[in-house]
**Q** 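Take this structure first; my questions come after.
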Amino acid sequence: MSPPLVLAHRGARTVAPENTIEAFSVALAQGADGVELDVHRTADGALVVHHDAAAPGLGVLADLAFDTIRSTRPEIPTLGEVLDVCRGSLVNIELKNLPGDADYDESHEVARLVVELLETRGGDDEVLVSSFNLGSIDRIRELAPTVATGLLSMFGVDPFDALDVCVAHGHGAFHPFVGILPSGAATAVAARAHELGLRVNVWTVNDGLEIARLAAAGIDAIVTDVPDVARQVLSG
């Protein structure tokens, strides 16, 4: 059994500001196999990497032109800039688009923009697009069936039911929060997922013992704030 991949959650965010070029670069230098990030659209159709819909000192990113964002908060990168830095490594792109979000869009425009960007880059990027919003990743599948997709989940979702949803909608990965996979459940969920041809990528796992437990359970990827710790545990 191969060890799980290490994906740096918003980059090496304990060392550098999250979702920045610096954080992603440090994560890869620490031995991460890839990174996880959050993407939002701007008013003029650019894609920027930031956790929340609104940025301090700016407001809601979807209401602003990219030039305004860049001039005020130059550390906020575009998705294209991050893909350039992470070329050759896996980039897990999370689409933030839930009802109640300040930039919620029921037409899933951010999904279309991500597909458009990937197409302009010639298909050379290794990406996995995930979301809590099933409709958003369904839209990715509709527009670009070859792009890997995964369904995120939190408490209140039965992981086995979520696996069935992934199969029914053609998504190749399930991304559960670590808290819904206690001892024993992780092994069972991973086994069932693999029977169905799915991958299980668990977030956010920072404790060394938990990382080792999930690796032994057959989980496919660990999403972590501490990629250096995860790499040390998995290499030991």
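When a residue number appears, it is its place in the shown sequence, counting from 1. Atom set for the values below is all heavy atoms of this structure, side chains included, hydrogens, waters and symmetry mates excluded.
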**Q** Rounded to the nearest 0.5 Å, what separation is found between the NE2 atom of H171 and the CG atom of L134?
**A** 5.0 Å
**Q** Taking CD in Q232 as the centre, count heavy atoms belonging to other residues, nucleotides or ligands within less than 6.0 Å. Is the count above 12?
**A** no
**Q** Atom CG in D125, atom OG in S89: separation rounded to 0.5 Å?
**A** 11.0 Å
**Q** Under a single-linkage definition using a 4.5 Å side-chain heavy-atom cutoff for Ile, Leu, Val, Met, Phe, Trp and Tyr, are V229 and V35 assigned to the same hydrophobic cluster?
**A** no
**Q** Under 4.5 Å between side-chain heavy atoms, counting indirect links through other Ile/Leu/Val/Met/Phe/Trp/Tyr residues: same cluster for L83 and V110 or not?
**A** yes
**Q** What heavy-atom pair brings A190 and V200 nearest, and what distance separates the two atoms?
**A** CA-CG2, 4.2 Å
**Q** R121 and D124: side-chain contact (heavy atoms from CB on, under 4.5 Å), yes or no, with the steps?
**A** CA-CA 7 Å; R121 295 174 60 86; D124 293 334; over 6 Å; no
**Q** How long is the gap from CD1 on I93 to OG1 on T149, to the nearest 0.5 Å?
**A** 12.0 Å
**Q** Looking at OG of S153 and CG of D158, how far apart are the two atoms once the value is rounded to the nearest 0.5 Å?
**A** 9.5 Å
**Q** Are T78 and R70 close enough that some pair of their side-chain heavy atoms sits under 4.5 Å apart?
**A** yes
**Q** Do V6 and I211 have side chains that get closer than 4.5 Å, going by heavy atoms?
**A** no
**Q** Using the side-chain contact (heavy atoms from CB on, under 4.5 Å) definition, which of the options L61, N19, L47 pairs with V39?
**A** L47
**Q** Locate the shortest heavy-atom distance separating A65 from A43; write the atom from each residue and the value.
**A** N-CB, 4.1 Å
**Q** Just so I know, are the side chains of L209 and R213 near enough to count as touching, which here means a heavy-atom distance under 4.5 Å?
**A** no
**Q** If you take all heavy atoms of T224 and V205, which pair is closest and at what distance?
**A** OG1-O, 2.7 Å
**Q** Using distance alone, with no hydrogens and no angle criterion, decide if N97 and H40 have a side-chain donor and acceptor under 3.5 Å apart.
**A** no
**Q** Could you go through the side-chain contact (heavy atoms from CB on, under 4.5 Å) check for L37 and L79 one step at a time?
**A** CA-CA 9 Å; L37 56 80; L79 178 57; 4.0 Å; yes
**Q** Evaluate the ring planes of F177 and F155, with Trp represented by its six-membered ring, and classify them as parallel (under 30°), tilted (30 to 60°) or perpendicular (over 60°).
**A** perpendicular
**Q** Below 4.0 angstrom, N of the basic side chain to O of the carboxylate: do R231 and D33 qualify?
**A** yes
**Q** Considering only heavy atoms from C-beta outward, does the side chain of I76 approach that of L58 to under 4.5 Å?
**A** yes
**Q** Assess whether atom CD of E195 is packed by more than 12 heavy atoms of other residues, nucleotides or ligands within 6.0 Å.
**A** yes
**Q** Do H9 and D225 pass the side-chain hydrogen bond (donor to acceptor under 3.5 Å, both in side chains) test, and can you show the C-alpha distance, the side-chain angles, and the key distance before you say yes or no?
**A** CA-CA 5 Å; H9 182 233; D225 295 327; 2.7 Å; yes
**Q** Treat each ILVMFWY residue as a node, draw an edge where side-chain heavy atoms are under 4.5 Å apart, and state whether W203 and L90 are in one component.
**A** yes
**Q** Could you tell me if the side chain of R73 sits less than 4.5 Å from the side chain of P56, heavy atoms only?
**A** yes
**Q** Show the nearest heavy-atom pair for residues V202 and V178, with the distance to one decimal.
**A** CG1-CA, 3.6 Å
**Q** Is a donor on one side and an acceptor on the other found under 3.5 Å between the side chain of D105 and the backbone of S107?
**A** yes
**Q** Does the E36 side chain pair with the main chain of R10, one donor and one acceptor, at a distance under 3.5 Å?
**A** yes
**Q** Let me check something: do F132 and F174 share a hydrophobic cluster, defined by ILVMFWY side-chain heavy atoms less than 4.5 Å apart, either directly or through other members?
**A** yes
**Q** Are V91 and F24 close enough that some pair of their side-chain heavy atoms sits under 4.5 Å apart?
**A** no
**Q** Do side-chain atoms of N133 reach the backbone of G135 as a donor and acceptor pair under 3.5 angstrom?
**A** yes
**Q** Give a yes-or-no answer on whether the side chains of D220 and H194 include a donor-acceptor pair shorter than 3.5 Å.
**A** yes
**Q** Measuring from atom CD1 of I137 to atom CG of L151, what distance do you get when rounded to the nearest 0.5 angstrom?
**A** 4.5 Å
**Q** Between P77 and E81, which heavy-atom pair has the shortest distance, and what is it?
**A** CA-OE1, 3.4 Å
**Q** Same cluster for V223 and L28 if Ile/Leu/Val/Met/Phe/Trp/Tyr side chains link at under 4.5 Å?
**A** no
**Q** Side chains of Q30 and V15: does their closest heavy-atom pair fall under 4.5 Å?
**A** yes
**Q** Please determine whether a side-chain nitrogen of the Lys or Arg among R41 and E116 lies less than 4.0 Å from a carboxylate oxygen of the Asp or Glu.
**A** no
**Q** Quick check: closest heavy atoms across S131 and S136, and the distance to 0.1 Å?
**A** OG-CB, 3.9 Å
**Q** Does a donor on one side chain sit under 3.5 Å from an acceptor on the other, for N201 and H175?
**A** yes
**Q** Quick one: CD1 on I222 to CG on L214, what's the gap to the nearest 0.5 Å?
**A** 4.5 Å
